[in-house]
Amino acid sequence: MKRVVVMGHGGYAEGVKQNLDMIVAQSEHMYFIDLTKEDDLSTFENKVNHLLEGFNDDEVLFACDLLGASPFRVAATICVNHPGKYYTVAGLNTMAFLELNMENDLSIEELANRAIETTKAAVAKYPE
């Protein structure tokens with residue numbers, strides 16, 4: 001099974017969850033963890049590790065708000081210990097989250113790549 005863990009600062013993850021709930025029914029394979037003002041890095045890492053304990057041998061895609069920031073660094077460190085099974089992406093938009101919300105037959109790496117391409121394709125300027 002594939003799992004998607006949305007992580008970010010403040011209310012980012014909760015905001016993505018609410019956004020998805022408003023547009024489509026949220027998938028059971030998506031999870032949301034926020035780094036709050038009250039959390040130090042160790043507390044946040046513990047939140048993430050606690051969630052991962054229930055995933056057994058599942059593949060995981062971390063979707064973080066900012067490239068290089070604390071949630072991204074925590075996820076990237078975890079990915080190093082699970083090569084080929086865990087991936088991290090950052091900076092996705094709503095179109096990508098909608099796609100991640102749907103079940104599909106892509107590998108976890110293909111899912112990460114598609115989310116990035118969807119984000120790129122969904123950026124536009126009007127009028128052109």
Side-chain angles (χ1 to χ4, degrees):
M1 178 176 218
K2 292 180 285 285
R3 313 281 186 149
V4 177
V5 179
V6 180
M7 303 189 324
H9 297 81
Y12 177 80
E14 183 61 31
V16 169
K17 179 181 179 188
Q18 289 178 14
N19 186 261
L20 291 174
D21 286 346
M22 188 172 187
I23 300 170
V24 295
Q26 179 195 327
S27 172
E28 293 179 5
H29 72 275
M30 290 189 78
Y31 304 84
F32 305 86
I33 303 175
D34 281 312
L35 173 63
T36 67
K37 284 183 178 181
E38 294 77 27
D39 293 339
D40 59 21
L41 195 55
S42 177
T43 301
F44 183 71
E45 287 174 322
N46 287 337
K47 284 183 191 179
V48 175
N49 287 326
H50 180 70
L51 176 66
L52 295 177
E53 287 172 5
F55 289 177
N56 300 316
D57 220 14
D58 297 340
E59 297 178 307
V60 177
L61 176 61
F62 295 103
C64 302
D65 57 349
L66 298 169
L67 181 65
S70 295
F72 181 88
R73 289 193 324 269
V74 167
T77 300
I78 293 169
C79 288
V80 168
N81 297 319
H82 298 87
K85 288 189 70 167
Y86 285 23
Y87 286 87
T88 302
V89 295
L92 300 181
N93 62 19
T94 300
M95 288 298 292
F97 284 118
L98 288 170
E99 220 170 67
L100 289 175
N101 191 53
M102 295 182 243
E103 292 287 337
N104 58 59
D105 294 329
L106 299 176
S107 73
I108 202 72
E109 182 178 17
E110 291 169 331
L111 193 60
N113 291 336
R114 176 168 295 165
I116 292 167
E117 290 306 314
T118 298
T119 294
K120 290 178 183 178
V123 175
K125 178 182 84 175
Y126 183 85
E128 191 53 30

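Values reported hereafter were calculated over all heavy atoms of this structure, with side chains retained and with hydrogens, waters and symmetry mates removed. Everything numeric here is computed off the predicted structure, so don't read it as measured data.
Taking each heavy atom of Thr119 and Gly91 in turn, the nearest pair found is CG2-O, 3.8 Å. Ala96 and Leu92 make their closest contact through CB-CB, 4.0 Å (heavy atoms, listed as atom of the first residue, atom of the second, distance). The minimum heavy-atom distance between Ile108 and Gly84, with the atom names listed, is CG2-O, 4.0 Å. Nearest heavy atom pair, residue Asn104 against residue Lys2, reads O-NZ, 3.1 Å.
For Asp40, the CG atom is densely surrounded, since the number of other residues' heavy atoms within 6.0 Å is greater than 12.
Looking at His29, its side chain does come within 3.5 Å of a backbone N or O of Leu100 through a donor-acceptor pair.
For the atom pair Ile23 CD1 and Asn101 CG, the distance stands at 9.5 Å (nearest 0.5 Å). Note that the CG atom of Leu111 and the CZ atom of Arg114 stand 8.0 Å from one another [nearest 0.5 Å]. To the nearest 0.5 Å, atoms CG (Leu106) and CG (Asn113) are separated by 9.5 Å. Atom CD of Glu59 and atom CD of Glu109 lie 10.0 Å apart (nearest 0.5 Å).
Within the structure, side chain to side chain donor-acceptor pair (under 3.5 Å) pairs that include any residue of residues 46-55 comprise Asp39-Lys47 (at least two apart or interchain). Sorted by first and then second residue, the salt bridge (Lys or Arg N to Asp or Glu O under 4.0 Å) pairs with a member in residues 117-128 read Glu117-Lys120; sequence neighbours excluded.
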List the atom pairs, donor and acceptor, that lie under 3.5 Å between side-chain atoms in residues 67-76 and the rest of the protein, sequence neighbours left out.
residue: Ser70; atom: OG; partner: Arg73; partner atom: NH2; Å: 3.4
residue: Arg73; atom: NH1; partner: Gly68; partner atom: O; Å: 3.2

May I have the list of side-chain donor-acceptor pairs in residues 6-14 shorter than 3.5 Å, sequence neighbours left out?
residue: His9; atom: ND1; partner: Asp65; partner atom: OD1; Å: 3.3
residue: His9; atom: ND1; partner: Asp65; partner atom: OD2; Å: 2.9
residue: Glu14; atom: OE2; partner: Gln18; partner atom: NE2; Å: 3.3

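Checked against side-chain hydrogen bond (donor to acceptor under 3.5 Å, both in side chains), Tyr86 has no partners two or more places apart in sequence or in another chain. Scored by the side chain to side chain contact (heavy atoms under 4.5 Å, CB included) test, Met95 finds Asn93, Leu98, Thr118, Ala122 as partners (sequence neighbours excluded).
Note on Leu61: it clusters hydrophobically with Phe97, by side-chain heavy-atom contacts below 4.5 Å among ILVMFWY residues. By the criterion of side-chain heavy atoms lying less than 4.5 angstrom apart, applied directly or through intervening Ile, Leu, Val, Met, Phe, Trp or Tyr residues, Val60 is grouped together with Tyr31 in one hydrophobic cluster. Under the 4.5 Å side-chain heavy-atom criterion for grouping Ile, Leu, Val, Met, Phe, Trp and Tyr, Phe32 is not connected to Val5 through any hydrophobic cluster. One hydrophobic cluster, built from ILVMFWY side chains closer than 4.5 Å, holds both Val48 and Phe55. Leu52 and Leu35 fall within the same hydrophobic cluster, defined by Ile, Leu, Val, Met, Phe, Trp and Tyr side-chain heavy atoms under 4.5 Å apart, directly or through other members.
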Check step by step if side-chain contact (heavy atoms from CB on, under 4.5 Å) holds for Lys85 and Asp57.
CA-CA 9 Å; Lys85 288 189 70 167; Asp57 220 14; 2.9 Å; yes
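A donor-acceptor pair shorter than 3.5 Å can be found between the side chains of Thr36 and Glu38.
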